[in-house]
Amino acid sequence: MRVAPPATPGALLLCRAEPPAVRPVAHLLRERMLLAPAGDGWSVLVPAAKPWLTGTDPVDQVLAGWAGALTVGAGWPAIALWWDDARAGCTLAAGFRRTVGYVWLADGTPVGEGEAMRTFAARLGLDPVLDVEALDGLTRPDSAADARARLLGLIAILARTGVALPAGLTPGEPTDRLRSVAAAQGAETIEWSGWRDAVRAELDAVEESPLGPWVRGPKARLLGAAQLAAGIPLTAWGLKRRSGGWTTAGAILIAHGVLSLAYDRMRARLGD
């Protein structure tokens with residue numbers, strides 16, 4: 001039996017990290033979100049606003065920018081799940097690596113490339129035989145599966161890695177409902193609280209991530225310079241296109257670079 005296609009744009013962000021590791025990075029998105037555990041080693045971010053309705057970018061581009069920004073400098077990937085009245089899809093971001101994604105039309109017709117799903121499986125460490133076969137099934141025509149059913153199928157496959165969305169946080173539901181459900185279940189509110197707190201949060205995020213050994217010394221300076229070199233043109237490109245998602249991603253790259261260099265210099269002065 002076909003599930004009714006989604007009528008309004010919405011999104012969820014799955015992060016392969018526990019909430020304490022996601023919290024400081026999520027603050028830097030400068031967007032109000034709700035953060036909750038989503039299984040063993042996973043967290044979910046529920047947008048509290050709908051920038052895709054007030055800006056120039058559609059929901060898929062906004063979520064791609066957010067997912068990329070979340071994983072810059074982090075040692076874990078993020079998966080953006082998004083939907084609107086015409087399409088639904090997923091986007092996997094993992095640091096500086098090229099994002100990969102897949103799209104289905106509202107009636108479930110696949111319009112992505114099968115290779116994207118295989119890359120998806122490899123980057124998440126899924127079983128190269130059983131899980132890849134299941135993902136390939138999502139790329140084949142199926143008259144009984146619409147876009148929402150495709151996303152639910154993807155969640156079922158991700159469950160093998162530990163994903164367990166809180167009850168009621170179902171892809172395809174309206175954003176307002178997802179926000180209400182998350183709040184009712186005690187999800188933590190993430191809000192922008194200014195650059196002072198952001199700097200503190202950023203330092204915590206870096207030191208708790210696998211990049212910890214890179215926070216000072218030659219490697220830290222090299223990393224900071226590389227992040228600035230990538231962030232400045234990306235921010236300029238985002239501003240030129242009036243793309244909030246990519247502008248945010250560039251700004252976070254710049255913040256990472258500046259903080260990395262500043263932290264290394266501060267520690268050198270203190271002789272610590």
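By the side-chain contact (heavy atoms from CB on, under 4.5 Å) test, Leu105 pairs with Arg87, Asp107, Thr109, Val111, sequence neighbours left out. The side-chain contact (heavy atoms from CB on, under 4.5 Å) test applied to Ala230 returns Leu253, not counting sequence neighbours. Taking Arg160 as the reference, Asp131 meet the side chain to side chain donor-acceptor pair (under 3.5 Å) condition, with sequence neighbours excluded.
Annotation: Gln185, atom CD; neighbour count of heavy atoms from other residues, nucleotides and ligands within 6.0 Å is above 12.
Checked by atom type and distance alone, the side chain of Thr175 pairs as donor or acceptor with a backbone atom of Pro9 at under 3.5 Å. For Trp104 (side chain) and Gly112 (main-chain N/O), no donor-acceptor pair under 3.5 Å exists by modelled atom type. At least one donor-acceptor pair under 3.5 Å links the side chain of Glu18 to the backbone N or O of Gly41. Using a distance-only test at 3.5 Å, with no hydrogens or angles considered, a donor-acceptor pair links the side chain of Ser43 to the main chain of Ala17. Panel note: side chain Thr235, backbone Ala251; a donor-acceptor pair is recorded below 3.5 Å. Side-chain N or O atoms of Arg148 include none that pairs as donor or acceptor with a backbone N or O of Thr170 at under 3.5 Å. Listed for the Arg179 side chain is a donor-acceptor partner under 3.5 Å among the backbone atoms of Ala48.
Across every non-hydrogen atom of Ala36 and Pro19, the tightest pair is C-CG, 4.2 Å. Contact between Val44 and Leu12 at its shortest, heavy atoms only, is CG2-CD2, 4.2 Å. The shortest non-hydrogen separation linking Leu158 to Ile79 is CD1-CD1, 3.9 Å. Considering all non-hydrogen atoms of both residues, Leu70 and Trp76 come closest at O-CH2, 3.7 Å. Taking every heavy atom of both residues into account, Ala11 and Trp52 meet most closely at CB-CH2, 4.2 Å. Closest approach of Ala147 and Ala88 over heavy atoms only: CB-CB, 3.6 Å.
For the atom pair CZ (Arg118) and CG (Leu135), the distance works out to 10.0 Å, reported to the nearest 0.5 Å. Here the straight-line distance linking atom CZ of Arg150 with atom CG of Asp142 works out to 5.0 Å at 0.5 Å rounding. Note that NZ of Lys240 is 13.0 Å distant from OG1 of Thr247, once rounded to the nearest 0.5 Å. Once rounded to the nearest 0.5 Å, the distance linking SG of Cys15 with CZ of Arg23 reads 12.5 Å. Atom-to-atom distance recorded for Glu133:CD and Ile157:CD1 is 10.5 Å, nearest 0.5 angstrom. Atom CG of Leu13 is separated from atom CH2 of Trp82 by 13.5 Å, given to the nearest 0.5 angstrom.
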Are Thr161 and Arg16 close enough, and set up right, to give a side chain to side chain contact (heavy atoms under 4.5 Å, CB included), and what steps lead you there?
CA-CA 9 Å; Thr161 70; Arg16 198 168 195 177; 3.7 Å; yes
Report the C-alpha separation of Leu138 and Tyr102 in whole Å, then their side-chain angles, then the decisive distance to 0.1 Å, and conclude whether the side chain to side chain contact (heavy atoms under 4.5 Å, CB included) test is met.
CA-CA 10 Å; Leu138 299 177; Tyr102 202 87; over 6 Å; no
Step by step, would you call Glu115 with Val100 a side chain to side chain contact (heavy atoms under 4.5 Å, CB included)?
CA-CA 9 Å; Glu115 183 60 33; Val100 294; over 6 Å; no
Between Leu14 and Leu81, does the side chain to side chain contact (heavy atoms under 4.5 Å, CB included) criterion hold? Intermediate values first, please.
CA-CA 8 Å; Leu14 284 169; Leu81 305 176; 4.1 Å; yes
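Both Leu53 and Leu29 belong to a common hydrophobic cluster when Ile, Leu, Val, Met, Phe, Trp and Tyr are linked at side-chain heavy-atom distances under 4.5 angstrom. Leu239 and Leu228 are not part of a single hydrophobic cluster, where members link through side-chain heavy atoms under 4.5 Å apart.
With Leu130 as reference, Asp127 is the one residue of Asp127, Leu126, Val132 to meet the side chain to side chain contact (heavy atoms under 4.5 Å, CB included) rule.
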